[in-house]
Participant: 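Take this structure first; my questions come after.
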Amino acid sequence: MAEFVDLRSDTVTQPSAGMRAAMASALVGDDVYGEDPTVNALEASVAALFGHEAALFAPTGSMANQIAIQLSVPPGEELLCDGDAHVVTYEIGAAAAIGGVSTRTWTPVGGDIDPDVVIDMIRPAGYHAVPTRAIAVEQTHNRGGGGVIPLSTLETLRAASSAAGVALHCDGARIWHAHVADGVPLRTYGALFDTLSVCLSKGLGAPVGSLVVGSAEKIERARVIRKRMGGGMRQAGVLAAAGAYALEHNIDRLAQDHAKAARLAEALAPFGVVAGAVRTNLVPLDLRKSPLDAHTLAAAARERGVLVSVLGPNVARLVTHFDVDDAAIDRAVDVLPKIFRD
Ligand SMILES: *Cc1c(COP(=O)(O)O)cnc(C)c1O
């Protein structure tokens with residue numbers, strides 16, 4: 001694929017030579033027995049990054065989210081999230097199918113949230129209605145175009161959910177990007193949530209791996225839920241080593257990915273297709289007013305060596321990441337406007 005500029009997703013990255021070396025030399029043990037020193041070290045360091053007591057390594061962000069949801073919401077009770085949230089859009093109904101969890105959604109407002117709308121939706125326990133047990137937010141927001149929820153909004157939501165006795169979960173697959181874009185310390189984010197899920201395999205460039213972060217009591221229960229879901233891994237230290245390497249080397253450089261996304265957005269601005277302000281590494285394209293639909297755009301771009309994601313008939317997305325260097329962005333900035341011009 002070297003001949004393509006791959007802007008489909010930040011999941012397409014190849015592990016770097018340094019990362020592969022770290023994986024090859026990792027000390028490992030059986031993690032189901034709790035004996036993998038590399039996994040244990042990664043879990044401890046990610047918990048500390050967010051100021052929580054514990055963390056649990058999981059194979060995917062979807063599993064990490066679903067473990068967190070099951071921690072806070074018993075079967076037949078309710079999770080609130082927005083209608084574009086990853087947990088209800090891209091996890092194939094797992095909350096219902098696996099957790100028996102009922103979900104109710106608010107109308108998405110890009111990557112942001114109106115806390116009053118969310119707070120009004122909370123229902124107390126009783127005999128008649130489904131009780132709300134948790135609220136999930138996404139930072140940054142994937143379908144919301146990489147939007148960053150302001151800290152003050154999250155603080156308002158935290159205060160209200162605490163008052164209502166409702167848990168707050170953060171789908172933080174790209175929380176690293178929010179941290180870099182807004183300069184909010186990871187510990188500050190950590191303090192706002194009962195549980196977080198974070199991904200090492202998106203912008204950070206590891207091949208596999210996510211973590212659930214929370215209290216020691218929660219993570220002990222999370223370990224059981226992970227095993228039940230088939231996520232107990234054995235010598236997982238080879239994977240955790242990639243994650244530890246990514247955390248050490250690849251957070252600060254996300255600013256470069258944000259700058260590259262801004263260049264793409266600027267190049268496409270004249271065509272009125274960039275949906276919202278581009279703050280992080282995602283460039284959402286709304287093609288409803290464009291003569292091109294998403295499939296036509298993707299096919300034309302592919303012919304010219306640039307790969308673009310199709311998220312809907314009139315929705316496309318560009319994503320910058322580790323393996324898209326400045327020369328690749330130069331090429332995309334040359335090619336994509338030509339397609340809209342033609
Ligand atoms: C990618 C992603 C996840 C997790 O996806 P997996 O493919 O299961 O690792 C979760 N939430 C968001 C917002 C994501 O973008």
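Atoms within a ligand are numbered from 1 in the order they appear, just like the ligands themselves.
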Participant: Less than 4.0 angstrom from a charged side-chain N to a carboxylate O is my criterion; do D334 and K338 meet it?
Facilitator: yes
Participant: So is M63 close enough to ligand 1, meaning a heavy atom under 4.0 angstrom away?
Facilitator: no
Participant: Under 4.0 Å from atom 15 (O) of ligand 1, do we find at least one protein heavy atom?
Facilitator: yes
Participant: Which residue pairs pass the salt bridge (Lys or Arg N to Asp or Glu O under 4.0 Å) test when at least one of the two sits in residues 91-112, sequence neighbours left out?
Facilitator: E78-R104
Participant: May I ask you to say whether D10 pairs ionically with K202, meaning some side-chain N is under 4.0 Å from a carboxylate O?
Facilitator: no
Participant: Among all the protein's non-hydrogen atoms, which is closest to atom 13 (C) of ligand 1, and how far away is it?
Facilitator: E138 OE2, 3.2 Å
Participant: List every atom of ligand 1 that sits less than 4.0 Å from any heavy atom of N65, numbering the atoms from 1 in the order shown and giving each element.
Facilitator: 10 (C), 11 (N)
Participant: Less than 3.5 Å between some nitrogen or oxygen of S62 and one of ligand 1, yes or no?
Facilitator: yes
Participant: Could you tell me which atoms of ligand 1, counted from 1 in the order shown, lie closer than 4.0 angstrom to a heavy atom of N142?
Facilitator: 13 (C), 14 (C), 15 (O)
Participant: Look at atom 2 (C) of ligand 1 and say which protein heavy atom is nearest, naming residue and atom and giving the distance to 0.1 Å.
Facilitator: K202 NZ, 2.1 Å
Participant: Whether the H258 and T280 side chains hold a donor-acceptor pair (N or O, under 3.5 Å, no angle test) is what I'd like checked.
Facilitator: no
Participant: Hey, is R223 close enough to E43 for a salt bridge, meaning N to O under 4.0 Å?
Facilitator: yes
Participant: Relative to ligand 1, is H141 under 4.0 angstrom through side chain, backbone, both or neither, heavy atoms considered?
Facilitator: neither
Participant: Show the atoms of ligand 1 that are less than 4.0 angstrom away from any heavy atom in T60.
Facilitator: 8 (O), 9 (O)
Participant: Checking the N or O distance criterion of under 3.5 Å, is ligand 1 in contact with G61?
Facilitator: yes
Participant: Kindly confirm or rule out an N or O of R174 lying under 3.5 angstrom from an N or O of ligand 1.
Facilitator: yes
Participant: Got a salt bridge between K260 and D257, using NZ or NE/NH1/NH2 to carboxylate O under 4.0 Å?
Facilitator: yes
Participant: When you measure from the side chain of H52 to the backbone of F193, do you find a donor-acceptor pair of N or O atoms at a distance under 3.5 Å?
Facilitator: yes
Participant: Are any of the side-chain nitrogens in D82 or R143 under 4.0 Å away from the carboxylate oxygens of its partner?
Facilitator: no
Participant: Tell me the protein heavy atom at minimum distance from atom 11 (N) of ligand 1, and give that distance in Å.
Facilitator: D171 OD2, 2.6 Å
